[in-house]
There are 2 protein chains.
Amino acid sequence: MAVTTRRADAQRNIAAILTAAAECLSRDPAASTSEIAKAAGVGRVTLYGHFPSRAELVDAVFVQAIATGEETLGQVDLTGDPREALARLTESSWQLVDQYRALLLAAQDALPPGRVQELHADPMARVERLLERGRAEGVFRSDLPTSWLVSVMHNVMHGAASELQAGRITSDQAAPYITATLLSAFAPA
Amino acid sequence: MAVTTRRADAQRNIAAILTAAAECLSRDPAASTSEIAKAAGVGRVTLYGHFPSRAELVDAVFVQAIATGEETLGQVDLTGDPREALARLTESSWQLVDQYRALLLAAQDALPPGRVQELHADPMARVERLLERGRAEGVFRSDLPTSWLVSVMHNVMHGAASELQAGRITSDQAAPYITATLLSAFAPA
DNA sequence: CGTAACTCGTACACTGGTGTTCAACAAGAG
DNA sequence: CTCTTGTTGAACACCAGTGTACGAGTTACG
């Protein structure tokens, strides 16, 4: 089972399947294994040779997406005025949420309950840390739980993705709208 | 096709199917016609005798839910200070969102795109009217589109439903949290 | 009470997906 | 160059759901 002993073409195929799956699932969260295999330029049997089930494939894609996202978010400067830091974090997070919107849906109904939440632990912790620093400095409200504020941020961003898809806002309006809303919502009473 | 010429037992069955469907779909958005028929104490064939397809059944249930909701919301006092009116409207809306959460999911993937939006027109208009009055009186912000504010309200409430389901908040915390968040988010800069 | 409306269960055809098996074939590793 | 690992398409079994057909049985309604 040594991963290192995989033949070169097998590794290439695994990568191709992973990226094809990311594309397909981002277009249609219910994309079938046939579609994905075809998009990867690979036989369906080959796909099953590498991923025992559709669920495990979705899981792998999702893990990869989170990892990529974490890399981006890790580069955001979270120092200085917490409000400005939040604006920067929002900008980057929004890009990711928008990009991976459909993939999230796919994960939610292919993965066991709680798994999605589990994989979101790291990005959520990052937001929480920032919010708590802001509270300590008195620029964010302390009358509501931090976890609630995180949830608000999450949902406002996903709402923006819906509004964008529905054509009620444009893609360059999204980030400023979200930021304006959150800064106001998080301000102390 | 005169609806009035339906036999009494047929009308009873239609009602039974409708309420059973509401229950089942609220528990599981993917509930099958067999489950619903069984819950209604009716044969599956009978169900298809009254509703030509699963989609039309879901539509009927959803229409009914919206109508019931509208009745409740219509009784909310929206006069006086717009902020207090918003608090009252939030309280009532939250009950409905929480109750019909799963049903909404069912509608979203059984009904043609746009249909859900279409049926939400009335409740959305009510919120919009209140928000615009508040803007005119200077107690709500005017730097963001009304439709965006409506969307924020919608998403914060649905987010609360998720938090509740995940056990991160309790059901009596939800309404105050939502209200506190929205009043702050909608305040003028 | 008789008839039309309604209901019932079973059975069937169809669809669209998942996951497996097989035997032939291709390609990388040493 | 050979052997092992990997790939391939076609075929198959399976499942779960939707929607339809039929014939016999019930129930309201006038």
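Residue numbering restarts at 1 for every chain, and letters A, B, ... go by the order of the sequence lines.
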message: Base contacts versus sugar-phosphate-only contacts with protein, heavy atoms under 4.0 Å: please encode nucleotides 9-14 of chain D as B, S and - from 5' to 3'.
response: BBB---

field: SB check E132(B) R129(B) (cutoff 4.0 Å)
entry: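 No.
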
- prompt: Which parts of residues 13-21 of chain B get close to DNA chain D, meaning a heavy atom less than 4.0 angstrom away?
  reply: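 Of all residues in residues 13-21 of chain B, none places a heavy atom under 4.0 Å from DNA chain D.
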
Atom-to-atom span, [atom1] of [X] to [atom2] of [N] - whole angstrom:
X	N	atom1	atom2	result
Y48(B)	dA13(C)	OH	C1'	14 Å
D109(B)	dT18(D)	CG	P	12 Å
I36(B)	dG19(D)	CD1	C1'	14 Å
L25(B)	dG17(D)	CG	P	13 Å
Q11(A)	dT7(D)	CD	P	11 Å
L47(A)	dG6(D)	CG	C1'	14 Å
D28(A)	dG17(C)	CG	P	9 Å
K38(B)	dG17(D)	NZ	P	11 Å

- prompt: Are L105(A) and V97(A) connected in a single hydrophobic cluster, I mean Ile/Leu/Val/Met/Phe/Trp/Tyr linked by side-chain heavy atoms less than 4.5 Å apart?
  reply: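 Looking at the clustering, L105(A) is in a separate group from V97(A).
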
query: Checking side chain to side chain contact (heavy atoms under 4.5 Å, CB included) for the pair R88(A)/D77(A): CA distance, chi angles, key distance, verdict?
result: CA-CA 7 Å; R88(A) 288 191 292 269; D77(A) 173 22; 3.7 Å; yes

- request: Go through the steps to decide whether T33(A) and F51(A) satisfy the test side chain to side chain contact (heavy atoms under 4.5 Å, CB included), and finish with yes or no.
  value: CA-CA 10 Å; T33(A) 51; F51(A) 301 93; over 6 Å; no

message: Pick the closest DNA chain D nucleotide for R12(B) and for D9(A) by heavy atoms, then say which residue is nearer the 5' end.
response: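 The residue whose closest nucleotide sits nearer the 5' end is D9(A).
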
- prompt: How do T46(A) and A55(B) order along DNA chain D: which one's closest nucleotide is nearer the 5' end?
  reply: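 Checking each residue's closest nucleotide, the 5'-ward one belongs to T46(A).
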
- prompt: Quick one: are L164(B) and S171(B) in side-chain contact, heavy atoms under 4.5 Å?
  reply: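 Yes; the side chains approach each other to less than 4.5 Å.
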
field: Side-chain heavy-atom pair R83(A), F140(A) within 4.5 angstrom cut-off
entry: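 Of all side-chain heavy-atom pairs linking F140(A) with R83(A), at least one is under 4.5 Å.
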
message: Quick check: any donor-acceptor pair below 3.5 Å linking the side-chain of R7(B) to the base of dA28(D)?
response: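 Per atom types, no contact qualifies.
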
- prompt: So how far is it from L89(A) CG to L182(A) CG, rounded to the nearest 0.5 Å?
  reply: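 L89(A) atom CG to L182(A) atom CG measures 10.0 Å (nearest 0.5 Å).
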
Gap between atom CZ of R101(A) and atom CG of L96(A) - 0.5 Å precision: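 The CZ atom of R101(A) is 14.5 Å from CG of L96(A), to the nearest 0.5 Å.
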
message: With a 4.0 Å cutoff (strictly under), does any side-chain N or O of H50(A) reach OP1 or OP2 of dG6(D)?
response: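 So the side-chain polar atoms of H50(A) never come under 4.0 Å of the phosphate oxygens OP1 or OP2 of dG6(D).
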
query: Taking OP1 and OP2 of dT18(C), is either one under 4.0 Å from a side-chain nitrogen or oxygen of T33(A)?
result: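 Yes, within the criterion.
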
message: Of the options dT18(C), dT7(D), dG19(C), whose atoms approach the side-chain atoms of A10(A) most closely?
response: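 My answer, after comparing the listed nucleotides, is dT7(D).
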
- prompt: When the ring planes of H120(B) and F62(B) are compared, do they come out parallel, tilted or perpendicular, using 30° and 60° as the limits?
  reply: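 Tilted: the ring planes of H120(B) and F62(B) meet at 30° to 60°.
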
